[in-house]
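Here is the structure we will look at, set down as structure tokens.
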Amino acid sequence: MNHEDAFLPINLAQSEPYRWQGVSEHVYKADGDVSSFKDVTRRKLFIDPEKSGIELRYFEIAPTGHTTLEKHDHIHLVIPIRGAGSCLVDNKLIKLEINDVVHVPSWAWHQFRASDDDHLGFLCLVTCERDRPTLPTKEDLEILKKDPSVADFIRAHQIS
Ligand code: MN
């Protein structure tokens, strides 16, 4: 469960493209396993624990970087707005286009990667209250890697 302070701007104006006034950059997962992701930043754009229970974030992955391969009970709605990249959702590889809407269902494995020569920036909508991600075990990775294209895509370390 997260206990974030509310952040409810009426208009969050950009200071420059993909940056917003008064919004600071955070490490993707300050308390996470740093070997599970590469070159990812996070910005909090809207947090409403009381009324709607929703939170909107902006993530940016530098070229060749990636998020953690993980799964969890809560869902994501992801909208790429900058650059180029691709993702794994469940066992599907998706080439991302700007303004696509990607639904990461409950307990679906997922990982986002920037292209080798461009950033990938995306909005991500979640509920404020959400469970912590589960990382893949050796057995999980073996199952995922039965698909050669998935094996080629994923960047992950075994946790057991
Ligand atoms: Mn996730």
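Keep in mind that the numbers below use all heavy atoms, side chains included, and drop hydrogens, waters and symmetry copies. One is the number of the first residue; the rest follow in order along the sequence. The structure displayed is predicted, hence computed values, not measured ones. Order of appearance sets the numbers: ligands from 1, and atoms from 1 within every ligand.
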Does Arg82 qualify as a cation-pi partner of Phe122, given the criterion of NZ or CZ under 6.0 Å from the six-membered ring centre and within 45 degrees of its axis?
no

So, applying side chain to side chain donor-acceptor pair (under 3.5 Å) with Arg130, which one of His76, His72, Glu55 is it?
Glu55

With no hydrogens and no angle check, is any side-chain donor or acceptor of Glu60 less than 3.5 Å from a backbone partner on Thr41?
no

Among the N/O/S atoms of Glu70, select the one at the shortest distance from the Mn ion (ligand 1) and name it.
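Result: OE2.
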
When you measure from the Mn ion (ligand 1) to each N, O or S atom of His76, which atom gives the shortest distance?
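Of the nitrogen, oxygen and sulfur atoms in His76, the Mn ion (ligand 1) lies nearest to NE2.
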
Is there a side-chain contact (heavy atoms from CB on, under 4.5 Å) between Phe112 and Val104? Walk through the geometry before answering.
CA-CA 11 Å; Phe112 289 78; Val104 177; 4.3 Å; yes

NE2 (His72) to the Mn ion (ligand 1) to NE2 (His110) angle, given to the nearest 10 degrees
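Approximately 90° at the metal, rounded to tens of degrees.
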
